[in-house]
Novice: 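Following this message is one structure expressed as structure tokens.
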Amino acid sequence: MSEYRSLTQTEIDVLENNVCWAEDWQRVMVAEGFKPYNFHRVMFYGDIRLGEFNKQVEVTKGFFKHSGINDTTLRNVSVGNDCLIEKVGNYINNYTIGNDCYISNICTLETTDDATYGEGSVISVLNEMGDGNVTIFRALNSQVASFMVKHANDKSLKKALHQMIEDELRVSRPERGFIGNNVKIINAKDITNTVIKGYCEISGASRLSECTVMSSMDAPVFIGTGVICENSIICDGCSINNSVKMQDCFVGEACQITNGFTAEASLFFANSFMANGEACAAFCGPFSASHHKSSLLIGGEFSFYNAGSNTNFSNHAYKMGPMHFGTLERGTKTASGSYILMPATIGAFSVCFGKLMHHPDTRNLPFSYLMAYGDDCYLVPGRNITTVGLYRDIKKWPKRDKRSKQSKKSIINFDWLSPFTVGEIMEGIKILKALREASGDNVSTYNFHEYVINASSLRKGLKYYDIALRIYMGAVLKRAKKEGFVRPVSRVGEGRWVDLSGLLMPESEEKRIVDDIKSGAIDNIQQLLDRFSEINDNYSNYRWAWSYQMILDYYGLEEITPADAEQIREDYIRARRAWIAEIRKDAEKEFQMGDVDQDVYEDFLSKLDHEIDYEN
């Protein structure tokens, strides 16, 4: 609404007859088509702007009431067209309200001096007692947050990033709180210094203070009963419900936080699900999940991860049934910088987290199980490569991305075999071969740091890792042939790769970003976000540069001839069939344990039978 007029005397008379009152009627400005008939028992203080009130508002399914304002006190408030505002127990103060909103039975809606709307706070993740390492603001995504944490000790970089964020906030922070179009706020108590974007529904919340809610028509946000949210940002498509308590947090796109979960100084990114438990100083990357009351996520970095209960040793390693939520695909980083490999199986086993934390080298045995028999910890290298659980994860994760196309801020690469994971596999092969060479073949066990690897497990680990390598090389070569099969034109992509919380990228590109920020070549947040997107767009080119050299090294070639390509393809097919055969054995084992219904088992085997369709 851009143009307003003063009230006529007739309109003032109607309002006063409806028990409305104004501190100064001259400061109440209205839209040209304003009609005063649907205002009752309203008190106006300060500068007021009112739109047109002509439509019916659906307050619940099938129940419509006429737009208007009833039983409300307003001070310095702008209200758009066709809103229904009623039963405000205290007041609405210093707010801009959009069109077609429904606000009913709330206590207070207010903007005070020096409001931040949850932006600009510096929190400490991974180390709850340490210095702040992440600044939360509405444009934050998992890559920027991970980048901040990873380089928190680089003072000049940290200063430059902080300045970029300050510049962003200086131009984007509103003068007062506002509510977007088509927002519904009912049965809520206090909402203070909070920006609420369009199509959000808040029902029964206890308190929102210093928050930004990034809702949209394509990805609306729901905030439900008993929620207390302070100094936090909630992104598109989220659901925060059932007495959640949250302070100093960032909640990314399409996350669900529910059932009394409490969180402090934590980050939750795309598609994470949190219920019942707690989080403190946690970095929960894409597809992190926690379901149990006894789970505390503290001082760790998680991604594609499902936290088991501390009391029932829940098994997330493999399951065929529909309730399986997945395994730890990329590793879980602890506060000490080490990596937990995989959840352990149930039964007589438990997970040896304590010992593992002391040895970051164990991250180079990916897709492994870590289990305990009494006082001994056993490593089973590469075991998860051939489980039903991993197979299901590969298929399901892309389907479980609930974000709308317009709200995908965090970048997620779903490749289970990539230069990042395959690079770790190659390091794992070196470790296992070195152990075998040092102790020989005629031993029953091998010692790796404080862990025991059975000889049979070591042999199988080498076998599983080699299967994964051949599957990867064949798949990459197949894609390259479809794109013309030319030798890489750039060496960008060679060398070590990193996982920046969903973005798989060459380490050299990460270093280039660091240098560009320090030099001023990247001087604002949008340029940083664009750089991450550019890297992701070039993923296939970078992957080909890395993979081409890897294939040459693996097969001892100078170049890949048509005959070599055919050999690689044949190796790929054999490896893939061996992989499927191992997964089939894992499924049969689970079925024989009586954990799976016959129809589920047969349906799964049918899917495995169709894997041959993807060979060419």
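What you see is a predicted model; the values in this text were computed from it and never measured.
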Novice: Given W397 and F304, is the ring pair (Phe, Tyr, Trp, His ring centres under 6.0 Å) satisfied, shown in steps?
Specialist: CA-CA 9 Å; W397 288 122; F304 287 85; 5.5 Å; yes
Novice: CD of E175: more than 12 outside heavy atoms within 6.0 angstrom?
Specialist: no
Novice: Does K408 have more than 12 heavy atoms from other residues, nucleotides or ligands lying within 6.0 Å of its NZ?
Specialist: yes
Novice: Do we see a donor-acceptor contact under 3.5 Å between the side chains of H151 and E510?
Specialist: yes
Novice: Does the side chain of N181 come under 3.5 Å of the side chain of D100 through a donor N or O and an acceptor N or O?
Specialist: no
Novice: Looking at V195, T194, I196, which one forms a side chain to side chain contact (heavy atoms under 4.5 Å, CB included) with T212?
Specialist: V195
Novice: Please assess R75 against E23 for the test salt bridge (charged side-chain N to carboxylate O under 4.0 Å, His left out), listing each intermediate value before the final yes or no.
Specialist: CA-CA 10 Å; R75 177 181 179 271; E23 184 180 40; over 6 Å; no
Novice: Less than 4.0 Å between a side-chain N and a carboxylate O, is that true for K409 and D236?
Specialist: no
Novice: What residues form a ring-ring contact (aromatic ring centres under 6.0 Å, His included) with F39, not counting sequence neighbours?
Specialist: F34, F53
Novice: List the atom pairs, with distances to 0.1 Å, where a side-chain N or O of residues 259-286 and a protein N or O form a donor-acceptor pair under 3.5 Å, not counting sequence neighbours.
Specialist:
| unit_1 | atom_1 | unit_2 | atom_2 | d |
| --- | --- | --- | --- | --- |
| N259 | OD1 | N242 | ND2 | 2.9 |
| S266 | OG | E264 | O | 3.0 |
| S266 | OG | A281 | N | 3.2 |
| S266 | OG | A282 | N | 3.1 |
| N271 | OD1 | K402 | N | 2.8 |
| N271 | ND2 | D401 | OD1 | 3.0 |
| S272 | OG | F269 | O | 2.7 |
| S272 | OG | G285 | O | 3.1 |
| S272 | OG | S288 | N | 3.3 |
| N276 | ND2 | H291 | O | 2.7 |

Novice: Where does the angle between the aromatic ring planes of F302 and Y305 fall among parallel (under 30°), tilted (30 to 60°) and perpendicular (over 60°)?
Specialist: parallel
Novice: Verify the neighbour count for atom CG of D131: are there more than 12 heavy atoms of other residues, nucleotides or ligands below 6.0 Å?
Specialist: no
Novice: The criterion is ring-ring contact (aromatic ring centres under 6.0 Å, His included); which residues satisfy it with Y199, sequence neighbours excluded?
Specialist: none
Novice: Just by modelled atom types, is the E110 backbone N or O under 3.5 Å from a matching donor or acceptor in the N93 side chain?
Specialist: no
Novice: Count the heavy atoms belonging to other residues, nucleotides or ligands that lie under 6.0 Å from NZ of K395, then report whether that count exceeds 12.
Specialist: yes
Novice: Might you work through the salt bridge (charged side-chain N to carboxylate O under 4.0 Å, His left out) test for R531 and D516, ending with a clear yes or no?
Specialist: CA-CA 10 Å; R531 178 66 66 82; D516 286 349; 2.9 Å; yes
Novice: If you measure only the distance, is there a donor-acceptor pair under 3.5 Å linking the side chains of W25 and E16?
Specialist: yes
Novice: What's the separation between atom CD1 in I412 and atom CG in L504, rounded to the nearest 0.5 Å?
Specialist: 11.0 Å
Novice: Would you call R5 and E11 a salt bridge, using N to O less than 4.0 angstrom?
Specialist: yes
Novice: Can you check salt bridge (charged side-chain N to carboxylate O under 4.0 Å, His left out) on D167 and R170, steps first, answer last?
Specialist: CA-CA 5 Å; D167 293 343; R170 189 166 50 251; 2.5 Å; yes
Novice: Under a 3.5 Å threshold, yes or no: a donor from one side chain and an acceptor from the other, between S404 and D218?
Specialist: no
Novice: With no hydrogens and no angle check, just 3.5 Å: does a side-chain donor-acceptor pair link S124 and N133?
Specialist: no
Novice: Side-chain donor-acceptor pair under 3.5 Å between T116 and E210, yes or no?
Specialist: yes
Novice: Take R207 and E230, measure what salt bridge (charged side-chain N to carboxylate O under 4.0 Å, His left out) needs, and give me the verdict at the end.
Specialist: CA-CA 8 Å; R207 183 167 71 254; E230 299 175 335; 2.5 Å; yes
Novice: According to ring-ring contact (aromatic ring centres under 6.0 Å, His included), who are the partners of F137, at least two apart in sequence or on a separate chain?
Specialist: none
Novice: Please enumerate all residues that pass salt bridge (Lys or Arg N to Asp or Glu O under 4.0 Å) together with K518, with sequence neighbours excluded.
Specialist: D154
Novice: Say whether Q526 and D530, considering side chains only, have a donor N or O and an acceptor N or O under 3.5 Å apart.
Specialist: yes
Novice: Checking Q143 side chain against I411 main chain: does a donor-acceptor pair fall under 3.5 Å?
Specialist: yes
Novice: Could you work out, with side chain to side chain donor-acceptor pair (under 3.5 Å) as the rule, every residue matching N54, not counting sequence neighbours?
Specialist: E52
Novice: Among T111, T96, N193, find the residue that satisfies the side-chain hydrogen bond (donor to acceptor under 3.5 Å, both in side chains) test when tested with R176.
Specialist: T96
Novice: Tell me whether the count of non-hydrogen atoms from other residues, nucleotides or ligands lying under 6.0 Å of CG in N17 goes above 12.
Specialist: yes
